[in-house]
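Computed from heavy atoms alone, side chains included, the values below leave out hydrogens, waters and symmetry copies. Every chain is numbered from 1 and lettered A, B, ... according to where its sequence line falls, protein lines coming before strand lines.
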Amino acid sequence: MMAGYDPSTIEPKWQAYWLENKTFRAIDGSDKPKYYILDMYPYPSGSGLHVGHPEGYTATDILARYRRHKGFNVLHPMGWDAFGLPAEQYAIKTGTHPRDTTISNVAVFKGQIQRLGFSYDWDREINTTDPSYYKWTQWIFLQMYRRDLAYLAEVPVNWCPGLGTVLANEEVIDGKSEVGGFPVYRKPMRQWMLRITAYADRLLDDLDSLDWPESIKEMQRNWIGRKRGAEVDFPVVGQPATVRVFTTRPDTLFGATFMVLAPEHPLVEAVTTPAQAAQVRQYQEMAARKSDLERTDLAKDKTGVFTGGFAINPVNDQQLPIWISDYVLMSYGTGAIMAVPGHDQRDWEFARKFDLPIVEVVQGGDISQAAFTEIDDGIMVNSGILDGLPVAQAIERITAWLEARGRGQAAVNYRLRDWLFSRQRYWGEPFPILYRQDGSTLAVPEEQLPVLLPETDSYKPSGTGESPLATIESWISFTDPGTGERFRRETHTMPQWAGSCWYYLRYIDPHNDQALCDPEKERYWMPVDLYVGGAEHAVLHLLYARFWHKVLYDIGVVSTPEPAMRLVNQGMILGYAYRCFTNDSASEILGKNQVRFENGLAKHPVTGETLLPRYLHIDQVRWKKVDEDDPESATVPMHPDLEEVELEEVVEKMSKSRGNVVNPDRIVSEYGADAFRLYEMYMGPLEQVKPWRTQGVLGMQRFLNRVYRLLMDEQGQRSPRVVEGEPGLPLARRLHRTIAKVSEDIEAMAFNTAIAALIELNNFLHKEQEIPRSVAEPFVLLLSPFAPHLAEELWQALGHDRTLAYEPWPCADESLLKEETVELPVQVNGKLRATLVVSISSSREEVIEQAVSLPNVAAYLEGKQIVKTIYVPQRILNFAVK
RNA sequence: GCCGGAGUGGCGAAAUAGGCAGACGCGCUGGACUCAAAAUCCAGUGGUGGCAACACCGUGUCGGUUCGAGUCCGACCUCCGGUACCA
């Protein structure tokens, strides 16, 4: 066998050791301080691990290992978010049970993760599709059901008769199914909703207590969208009904010139006159056929129909025509608005299109050109009792006026809507709910949980829009053995988010069949100290989990109001991609050098036609020197077959279609897991988006190789360079500065600079003849969170027979961190002219005296008058001269 | 449009509290070792000028504050992420 650093033997050896010895087992209720460090668990897809997953996992692993060295009892678990659509779609195609697909995908993921040497406590592994897990997901649902936080509502779904199934919003394009192009209709269906809106205020207010990225907190605030305003009632002319609207700007009531109802608004029928009925019905049908996406994104041009009805403006008794339009959404506010076209761009466009009056009520704009919307501190006009008032006072005055007369009141409105919790799918948690013959609902008794997913051969949709469970008659019908009463089971299943809302709690007590987790253990481990994952879950997963956690807090299951105190998002890892361009018919292939770019789009140089990018796999790219005769010439990427076609290099999200996916397995087998981990952390700050360059892994492998050769000889034994004894002062200083730097950087999650410090120390040690053990050992410990396999191997070679995982972290000696002398930059008028080595104890006068006699400084001071001397000890000396 | 983040060598990046811009790695160049190559080791590497000492320029753009600005302030440009008829 080849001597030298060989990760392919070292790494499996230590991985097996850690597993056998359960090295990373977390101890429930130990005397040590606890540290709960959590990764966002993955969906085990068929395509395996991606280089993006291990980025966050490596970061948390470094921290987990570091905390163990620092004497913490660390909980660092991993599991599988394994319900979901891909396994079900695969089942429909191949007939393979999603459970089998899940089992084999989990095995692949687990193998890949274990080969990276992460220090998870595998005894706590969880899987959301395990009945002993989803029993508790169902249990939590029941607690919500009991507290009226889960309720049934008629909610439209994207129903596709052509496919006989319900589609997700992203599966619908232009009102047609993505697959097959069949028409899609909005069909109301009775579905479960979770009353997250009941927690809106707490979800919003408690954000302030969290150490989370400001951007995520801001996204959640926007998502919740709490707005203060007023609800105002507009009586309908000739009807007992009133139209209630929500507005953030009651001050503009005098500017209202018409009303608009959402097409689905319940009052539409009542206000519509017979003459308008046909038109109104036609418009309603058209709106019903559009998906939400179309109604918002695509329909920029205002459409609508007059109902024939009128409402009375409560502030001035003016009659306002009532229209319907799909720019008003039934799901926000009251589903109806007062239109103030002078000061709202949407209303302005609508008024222009249908020739409705536009009135100015806040001074300052030109409402003949556009709505004047910068009206936060304007002065009211044309507004009766409000004339001359500033906006803020007008809002108060009119709200009080409305309240006094019972025509409206101050109100708070949220953008957040209740959570649609039903899916018409097989591969999800069944609801623990029964329907009586009369259609009323009943909870499955808790002792009968879990409600198991039934076995079936067919995962195909039922054809009615119900889930495949609806076709399994033997499962659906249920007769109470005592009373003989007959029930039917709920056939919808829960969405993929469900299991993720509480998984961090199950790690605490993963095998408990009496409770979702033991209260004592919960109090010990919670809250999560650090949660790391991708920013794509900024809103939904993190908001839903906070919601469930607060529900569990209210019923006394958990002891903290929030699940995770600190959150960090790792930035996405991108890949270099190379592309040329083709026209629609693909008859021509053009390079970057042959096309024109306009607004980021490639255009044909002659026809001006917009060209489509065509990606080439990175391995196919031919590199060509710009100047063949110049050895230093830059190289450019070229098409492999076409001589003159230069490729465009772009950095983009990794995807199969772009040919820029990097497979971690390949990197690990070629360079080793330690080098892979090191590179992922060395690329740049964790939170930042950054491109992958496989060359960089090679640099890390070289570093590890140099560390190995520093301490080991050619036979794989401890090098004779390693000696007993103490280091000299310069080496001791180096070591302790590195200890301080690496410790600080790990705490700050600045792993890239911590690694740079380790490389520097290694480079320095290579110049030494002898490496004292008292230097080698701390060095190996400092390296161990980053490159644990190599560190264990070196630790063993240094004569230890146990893992280094719980060895105390080296402590920096403060007295060795300060140098006796410092190199001081000397400036004249802010420009560096020389440097001066001075003792840190030198006085200002001594330093200045030495500095002015430096030749280059003297030259710049010659014939000038010093007007000011700035001296910051140990930092800078600057002479301002005239 | 709105919200959030980022612009620094050929590339990834670093710079604690306003104090030597470019640590560290990749790449590249030269050299050593070698029959040769790989690996390894040594040296160099922001640009321009100069034999050199050194000088000038240089952190997206324009302006400001300061003895001194990558860092602070004002205006703008570009890119990335999120979100969007939310009344």
Residue [X], side-chain heavy atoms: nucleotide from [options] that is nearest:
| X | options | value |
| --- | --- | --- |
| W223(A) | U83(B), C85(B), G12(B) | U83(B) |
| N878(A) | C41(B), G19(B), C57(B) | G19(B) |
| K868(A) | C67(B), C26(B), C3(B) | C67(B) |
| T835(A) | C54(B), C20(B), A23(B) | C20(B) |
| Y682(A) | C41(B), G25(B), A23(B) | G25(B) |

Measure up the [X] and [Y] rings against each other and bin them: parallel (under 30°), tilted (30 to 60°), perpendicular (over 60°).
| X | Y | answer |
| --- | --- | --- |
| Y708(A) | Y5(A) | tilted |
| F258(A) | F350(A) | parallel |
| W692(A) | F676(A) | tilted |

Check every strand shown and say whether [X] touches a base, only sugar-phosphate, or nothing at a heavy-atom separation below 4.0 Å.
| X | result |
| --- | --- |
| Q688(A) | sugar-phosphate |
| F350(A) | nothing |
| G699(A) | sugar-phosphate |
| R833(A) | sugar-phosphate |
| P685(A) | sugar-phosphate |
| D347(A) | nothing |
| R702(A) | sugar-phosphate |
| I759(A) | sugar-phosphate |
| N856(A) | sugar-phosphate |
| Y576(A) | sugar-phosphate |
| Q695(A) | sugar-phosphate |
| N705(A) | nothing |
| R693(A) | sugar-phosphate |
| D344(A) | nothing |

P spacing across the pair A37(B) / G31(B), given as an integer number of angstrom:
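Per the computed distance, 12 Å lies between those P atoms.
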C73(B) to U78(B) separation - P atoms, rounded to the nearest Å
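One P to the other, the span is 22 Å.
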Rounded off to whole Å, could you give me the [atom1]-to-[atom2] distance for the [X] and [N] pair?
| X | N | atom1 | atom2 | value |
| --- | --- | --- | --- | --- |
| I755(A) | A14(B) | CD1 | C1' | 14 Å |
| R706(A) | C42(B) | CZ | C1' | 11 Å |
| M572(A) | C80(B) | CE | C1' | 9 Å |
| L710(A) | C41(B) | CG | C1' | 15 Å |
| I667(A) | C26(B) | CD1 | P | 16 Å |

Measure distances between side-chain N and O atoms of Q827(A) and base N and O atoms of C20(B), and say whether any donor-acceptor pair falls under 3.5 Å.
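Looking at the base of C20(B), it does not pair with any donor or acceptor on the side chain of Q827(A) (distance under 3.5 Å).
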Does this structure show an ion pair linking [X] with [Y], if we count only N-O contacts that are shorter than 4.0 Å?
| X | Y | result |
| --- | --- | --- |
| E680(A) | K690(A) | no |
| R737(A) | E760(A) | no |
| K217(A) | D211(A) | no |

Would you say K831(A) reaches C57(B)'s phosphate, i.e. side-chain N/O to OP1/OP2 under 4.0 Å?
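It does, given that an N or O in the side chain of K831(A) lies less than 4.0 Å from OP1 or OP2 of C57(B).
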Closer to the 5' end of RNA chain B via nearest nucleotide, is it Y679(A) or R415(A)?
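Here Y679(A) is the residue nearer the 5' end.
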Hey, which of these two, P825(A) or A756(A), hits RNA chain B nearer its 5' end, going by closest nucleotide?
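That would be P825(A).
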Run the ring-ring contact (aromatic ring centres under 6.0 Å, His included) test against H541(A) and tell me which residues pass, sequence neighbours left out.
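H541(A) satisfies ring-ring contact (aromatic ring centres under 6.0 Å, His included) with H537(A) only.
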For F786(A) and D674(A): C-alpha separation, side-chain torsions, deciding distance, then whether side chain to side chain contact (heavy atoms under 4.5 Å, CB included) applies.
CA-CA 7 Å; F786(A) 302 89; D674(A) 283 336; over 6 Å; no
So what's the dot-bracket for RNA chain B: Watson-Crick or G-U pairs under 3.5 Å, [ ] if a pair crosses, | if it pairs off-strand?
(((((((..(((......[....)))((((((.......))))))((((....))))..(((((..]....))))))))))))....
Pull up the glycosidic torsion of G12(B) and say syn or anti, syn being anything within 90° of 0.
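Anti, since the glycosidic angle lies more than 90° from 0.
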May I have the step-by-step check of side chain to side chain contact (heavy atoms under 4.5 Å, CB included) for L647(A) and K592(A), ending in yes or no?
CA-CA 6 Å; L647(A) 302 175; K592(A) 174 192 174 187; over 6 Å; no
